[in-house]
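Computation of the quantities below employed the complete heavy-atom set of this structure, encompassing side-chain atoms and omitting hydrogens, waters and symmetry-equivalent molecules. Predicted, not measured: the structure shown is a model, and the values here were computed from it. Throughout, protein chains are lettered first and strands after them, A, B, ... in sequence-line order, and every chain is numbered starting at 1.
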Protein chains: 2
Amino acid sequence: MPMSRGFGPMWWHGRFRGCGYRVTVPREAILDMLSKSDKHLSAEDIYMKVHTRYPAIGLTTIYRTLDILANMGLIFKFDFGDGRARYELVEGPKGKMHHHHLICTSCNRIIDYTDFIDDEVELLKRTEKGLLKKYNFKITNHLIQFYGLCEKCQKKGGD
Amino acid sequence: MPMSRGFGPMWWHGRFRGCGYRVTVPREAILDMLSKSDKHLSAEDIYMKVHTRYPAIGLTTIYRTLDILANMGLIFKFDFGDGRARYELVEGPKGKMHHHHLICTSCNRIIDYTDFIDDEVELLKRTEKGLLKKYNFKITNHLIQFYGLCEKCQKKGGD
DNA sequence: ATTGATAATGAAAATCGTTTTCAATAAGGA
DNA sequence: TCCTTATTGAAAACGATTTTCATTATCAAT
């Protein structure tokens, strides 16, 4: 009941049942939290946020649930090179913008950007088609990340 | 002496000294091994290969050396999502082809490809210039990876 | 060549994110 | 409501990587 925010009647329930998964309090709590909160959260970030409202939910369940959600395609799992995985909702019913990440190699700050996506989509389409033909590799997903120095770290003299 | 392969008088010595690093047997052994052997090796892969010729070199030194080499820009460190980092030489004096990876999410096989790099380079150039202007983010590196199913795993019925 | 300051090394222990184990609990079809 | 079984949480296990620290090796100065 504290979960719903009125944008659809628990639209993910169907997905769960369809995959043979049960709908449980921890799963609802985690999905609800992800849909409301910041992006690129680590498992522990998520654990702490969920924990404030549901102290009974353990870190193990967070990991297990994130794994399921990633396999179902509801969330993305990222590695930004700092030793812990990061997660973000693929898109809510509202539809979040497709985006990529700029990763500062000095301070680990993450900047989302949504620019140049059109050009990129075109390139990717061509690439995916070509790779399918040449290697018979069926692409389901891609990752594009840029590494470098953010404004602050450039001034500080870099890493 | 068993290190040299005649393609340049230990060209990396200069880079080392320039960074204040000493040239040591383990470092030469590791670089030499990387220049001769397959790509996307894990730290343990490298350890075992180096170990056959230099049993005294420990795994700790492998990690430390790989870290230095990555910071110097001599090698790339990749994460393919299987829990261990992979490393490959950026390019030897012979010049290796710029390439990207297709990662099979079912069997973890890695396929290198060098196709469509021209189109990609053009897109990246534009993107980098635009991101620099908009976010004042100085890009030093990028990562592009495709995930999907290789030929074999498609036939097996996927993951 | 010898020396000396100190960077680099290896073994073992520590770290830390993530997984596994297992007994207890809860979801949801009957 | 009952019953099967998926799900859970706590603790232990795991595994890649890092740290510690005493020893060794590099190399600039002699």
Side-chain angles (χ1 to χ4, degrees), chain A residues 1 3 10 12-31 33 40-72 75 77-87 108, chain B residues 1 3 10 12-31 33 40-48 50-72 74-75 77-87 108:
Chain A
M1 197 245 282
M3 327 249 68
M10 304 299 173
W12 55 64
H13 285 204
R15 295 281 299 267
F16 269 86
R17 316 298 286 292
C19 295
Y21 294 122
R22 293 179 180 173
V23 176
T24 67
V25 170
R27 287 170 187 178
E28 290 196 299
I30 291 167
L31 268 171
M33 204 282 285
H40 15 89
L41 297 167
S42 69
E44 188 143 9
D45 292 338
I46 294 167
Y47 169 68
M48 289 192 298
K49 291 218 177 213
V50 169
H51 190 265
T52 62
R53 204 181 295 263
Y54 299 88
I57 296 176
L59 182 56
T60 308
T61 297
I62 304 290
Y63 276 109
R64 275 191 290 232
T65 303
L66 290 172
D67 201 44
I68 287 174
L69 296 177
N71 283 331
M72 289 174 64
I75 63 174
K77 180 180 182 178
F78 289 98
D79 172 77
F80 294 150
D82 64 344
R84 68 193 60 200
R86 307 271 169 173
Y87 303 85
N108 282 318
Chain B
M1 198 246 278
M3 326 250 68
M10 303 298 174
W12 55 65
H13 285 204
R15 293 282 298 268
F16 270 86
R17 315 299 284 290
C19 296
Y21 294 123
R22 293 180 180 172
V23 175
T24 67
V25 170
R27 287 170 187 178
E28 290 195 298
I30 291 167
L31 268 172
M33 204 283 285
H40 16 88
L41 297 167
S42 69
E44 187 142 9
D45 292 338
I46 294 166
Y47 169 68
M48 290 191 298
V50 169
H51 190 265
T52 62
R53 202 180 298 263
Y54 299 88
I57 296 176
L59 182 55
T60 309
T61 298
I62 303 290
Y63 276 109
R64 275 190 290 233
T65 303
L66 291 172
D67 200 45
I68 287 173
L69 296 177
N71 283 332
M72 289 174 64
L74 291 179
I75 62 174
K77 179 180 183 178
F78 288 97
D79 170 77
F80 293 151
D82 65 343
R84 67 193 62 200
R86 308 272 169 174
Y87 304 85
N108 283 317

Can you measure [X] atom [atom1] to [N] atom [atom2] for me and round it to whole angstrom units?
{"X": "I57(A)", "N": "dA10(D)", "atom1": "CD1", "atom2": "P", "value": "11 Å"}
{"X": "R84(A)", "N": "dA16(D)", "atom1": "CZ", "atom2": "P", "value": "19 Å"}
{"X": "R27(A)", "N": "dG28(C)", "atom1": "CZ", "atom2": "P", "value": "10 Å"}
{"X": "F16(A)", "N": "dA6(D)", "atom1": "CZ", "atom2": "P", "value": "16 Å"}
{"X": "D82(A)", "N": "dT18(D)", "atom1": "CG", "atom2": "P", "value": "12 Å"}
{"X": "F80(A)", "N": "dG17(C)", "atom1": "CZ", "atom2": "P", "value": "17 Å"}
{"X": "Y47(A)", "N": "dT8(D)", "atom1": "OH", "atom2": "C1'", "value": "13 Å"}
{"X": "L59(B)", "N": "dT17(D)", "atom1": "CG", "atom2": "C1'", "value": "9 Å"}

Distance-minimising heavy-atom pair for I57(B) and A29(B):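 Closest heavy-atom pair between I57(B) and A29(B): CD1-CB, 4.1 Å.
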Where do Y87(B) and A43(B) come nearest, in terms of heavy atoms and distance? CE1-N, 4.0 Å
Verify the contact: side-chain N or O of Y63(B) to OP1 or OP2 of dT17(D), cut-off strictly under 4.0 Å; return yes or no. yes
Taking the nucleotide of DNA chain C with the closest heavy atom to each, which residue, T60(A) or G20(B), is nearer the 5' end?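 Taking each residue's closest nucleotide, the earlier one in sequence belongs to G20(B).
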Under 3.5 Å: donor-acceptor pair, side chain of D67(B), backbone of R64(B):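 Between the backbone of R64(B) and the side chain of D67(B) there is no qualifying donor-acceptor contact (under 3.5 Å).
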Is a donor on one side and an acceptor on the other found under 3.5 Å between the side chain of R27(A) and the backbone of L69(A)?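 Such a contact is absent between R27(A) side chain and L69(A) backbone.
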Among dT17(D), dT9(C), dT19(C), the nucleotide that comes nearest once only the side chain of K77(A) is considered: dT19(C)
In terms of the angle between their ring planes, are F80(A) and F78(A) parallel, tilted or perpendicular, with boundaries placed at 30° and 60°? parallel
Which part of the nucleic acid, if any, lies within contact of R64(A), taking any heavy atom under 4.0 Å across all strands shown: a base, the sugar-phosphate backbone alone, or nothing? base
Quick tally for nucleotides 24-30 of chain D: nucleotides whose base has a protein heavy atom under 4.0 Å get B, sugar-phosphate-only ones S, the rest -, giving -BBSS--
Test item: Y47(B) and T60(B) side chains (from C-beta on) under 4.5 Å apart, heavy atoms: no
Would you say that M72(B) contacts W12(B) through its side chain, given a criterion of any heavy-atom pair below 4.5 Å between the two side chains?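 No, too far: nothing below the 4.5 Å cut-off.
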